[in-house]
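Have a look at the structure below before the remarks.
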Number of protein chains: 2
Amino acid sequence: MRPWRDWAREPGRYDRGDPDGGDVSDSAQANGARRRPGGAATIYDVAELAGVNPSTVSRALGKPGRVSAATEARVRAAAEQLHFRMNPMARALPTGRTNTLALVVADITNPVIFGIVRGAEQAASAAGCTLVVAESQESGEAEGTVVDRLMPGVDGIVLATTRLASERITDIAGRTPVVLINRAVDGVPSVLPDVATGVRELVGHLAGLGHTSLAYLSGPTTSWVSERRWEALLDEAERLELGLVEIGPNPPTIEGGVAAYRRALASRATAVLAFNDLMAIGFMQEAARNGVVVPDALSVAGFDDIFGSELISPALTTVRAPLVLAGQLSVQRLLRRIEGDETDAAGEQLLGTELVVRGSTAPPPS
Amino acid sequence: MRPWRDWAREPGRYDRGDPDGGDVSDSAQANGARRRPGGAATIYDVAELAGVNPSTVSRALGKPGRVSAATEARVRAAAEQLHFRMNPMARALPTGRTNTLALVVADITNPVIFGIVRGAEQAASAAGCTLVVAESQESGEAEGTVVDRLMPGVDGIVLATTRLASERITDIAGRTPVVLINRAVDGVPSVLPDVATGVRELVGHLAGLGHTSLAYLSGPTTSWVSERRWEALLDEAERLELGLVEIGPNPPTIEGGVAAYRRALASRATAVLAFNDLMAIGFMQEAARNGVVVPDALSVAGFDDIFGSELISPALTTVRAPLVLAGQLSVQRLLRRIEGDETDAAGEQLLGTELVVRGSTAPPPS
DNA sequence: TTGTAAGCGTTATCAC
DNA sequence: GTGATAACGCTTACAA
């Protein structure tokens, strides 16, 4: 019996109990993995089995070269035999590192998110981190609450398409590492689509087809990207001397696209650009219901190239954004920040976009 | 300076029978300079400010009526003032409860998952729990690893469309609370679509249109639901005296549907039922590329009613499953299990499905 | 290289 | 009702 083992086993007042005072071998023997009631094996169990001190187990399993090869082998074997898994909570306490990252999104059901989630999950698990996903349901209020709740339990946060005010974001970024997706805030690292280029390509495509008056279905006022797309559109429209109207704000959903239909039609624009594909799809569905043929009577385009954009008929012309990549990069940058690497401190990382021309755009009716 | 604060700093705990009398205050001081990484307050800080013992803070913030109203108010005010957030890791250690649930899915990018994730996230956050999402990428191997890694850090696990072997699932369920979605295993609670009814409705619909030979595009052999659908199809085909062939196994993806195209066509079946909508969509896309008109030349149907099924042209006839509900219910059942409620111990919970007839099914060519 | 023991922030048990 | 303190499982100086 090891002295430290005795201490740990001694029934204190707050001992979860083991009525038979010390010998747990009966049930332990049978199961092999369940030494303590309700719990898994600990480094103490492993240490006992391997005949070493718990701290040695910690070292053997943690750092590679800190113990002798022979000891490490013994410890590994014992850990294996007991199905030992390190308790991340217990580890988090002394180290302050939880190896957990949070991804906060506005709306989980928006397909734009899927790519981001997948990329983030991949990058996180590749780094041995756990990813918690939370949804703010398009509400800045709810998002703040979510972030507050998550903060103490994670090493850092990726805010994707956040609806938070800039000051709030700065504040949060001051307390914990943060990376933004689809939003730029001074002093906070972010991963963004290259809005200007994407808009330029799309408007160029439309102008090339002969369109001279455009309508933009904007997203929520809280959407930074929607605002930026609008600004870029204004620049391009001015440069190419095209007519342009903004219709919105709208919810960034299918319903938002449906709701904007009449106003867009009333604008007499010959091409409608939606803030995102979801809105473009809703708009096209409503057009179809009203007997307006896309693209013959009206061209429609979106942004993001979500799942479904090539399914709808006609397939949607859109500006593809590398969503999976955005998820991956944001997590990688977050991890770098957590490691204390401040080299890319507050930069905006622009992701190239790609114009995908499909069936929903054509020359305007003559 | 509060006495308890001093005592907390004094050598205690493991320091049995060997009081070195030396003070640890130097290192304590050094640490005290920068409190917690991130500067967050602890219950000690709150207690100091409120002029009470840390344990009182714990009680005041934890259980409602365990302290006097006056004390509770003082504690709450102090906590507020310090922006105190309870450290979930520290709390998890003595309680064994992490208030974290895991959702493990085969493929995050499969739209079937979206509804499940959303429902699970809603139910979890409604219960004050954090949801970690992990992906097994359709590999049972990877799924086992993921589960092992997650287990010590969560209170329970929802396995959605798991690719694990039954014994492995039973084993996991023996170590931690588990609820299954789209999979039944003896002794483990599960949430399932009512396969038999859904299949009966769909086959009835097809038979009513005049189809007499059906082809089933099966999913992976590891997919429990795919197997069940096949069995139910066999029953129905037999009962209605219809021809039926199985084509597969296939990956449960768009590519899987594309790949199965030629074999399905060769079967001369007039109606093709895919294991899921994704495969049905892939199949329809390939049919379109080959000039085969759906539903005139061939009827196609799927299962799940994912986002995109009503977008594709013709819109897909499918058996809708209440995915969001499945996510919610599974988390609710998991929580009940975690609370120790064994009443619904190992039941299969069947969710009603709904036949959604759209444009992809029609009478067979005469 | 390995053992010793303090400490992470919280809860639970006991004593007053 | 509140204070005191061991314990949760792990890491990490410091000692040996």
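Below, chain A is the first sequence line, B the second, and so on; all start at residue 1.
For B:R59 and B:A90, each mapped to the nucleotide of DNA chain C holding its nearest heavy atom, the one lying further toward the 5' end belongs to B:A90.
With salt bridges taken as basic N to acidic carboxylate O contacts below 4.0 Å, none links B:R76 and B:E80. Ion pair B:R97/B:E339 flagged as a salt bridge, since at least one NZ, NE, NH1 or NH2 atom sits closer than 4.0 Å to an Asp/Glu carboxylate oxygen. The residues B:D148 and B:R168 are annotated as salt-bridged, a charged nitrogen and a carboxylate oxygen being separated by less than 4.0 angstrom. Salt bridge present: B:R175 and B:D171 bring a charged side-chain N and a carboxylate O closer than 4.0 Å.
Following rounding to the nearest Å, B:N99 (CG) and C:dG9 (P) show an atom-to-atom distance of 19 Å. Taking atom CD on B:E72 and atom C1' on D:dG1, their separation rounds to 13 Å, with Å as the unit. One interatomic measurement links the two molecules: CG of A:L93 to C1' of C:dC8, which rounds to 4 Å at whole-angstrom precision. Separating the CG atom of B:N53 from the P atom of C:dT10 is a distance of 13 Å, rounded to the nearest angstrom.
Scanning atom types as modelled, one donor and one acceptor separated by under 3.5 angstrom connect the side chain of A:S55 and the base of C:dT4.
A:M86 comes within contact range of the sugar-phosphate backbone alone, with a heavy-atom separation under 4.0 Å but no base atom that close.
At the phosphate of C:dG9, neither OP1 nor OP2 sits under 4.0 Å from any side-chain N or O atom of B:R91. Proximity of A:S58 to the phosphate of D:dT11: a side-chain N or O atom is located under 4.0 Å from OP1 or OP2. A:T56 has a side-chain polar atom (N or O) that falls below the 4.0 Å cut-off from OP1 or OP2 of C:dG3.
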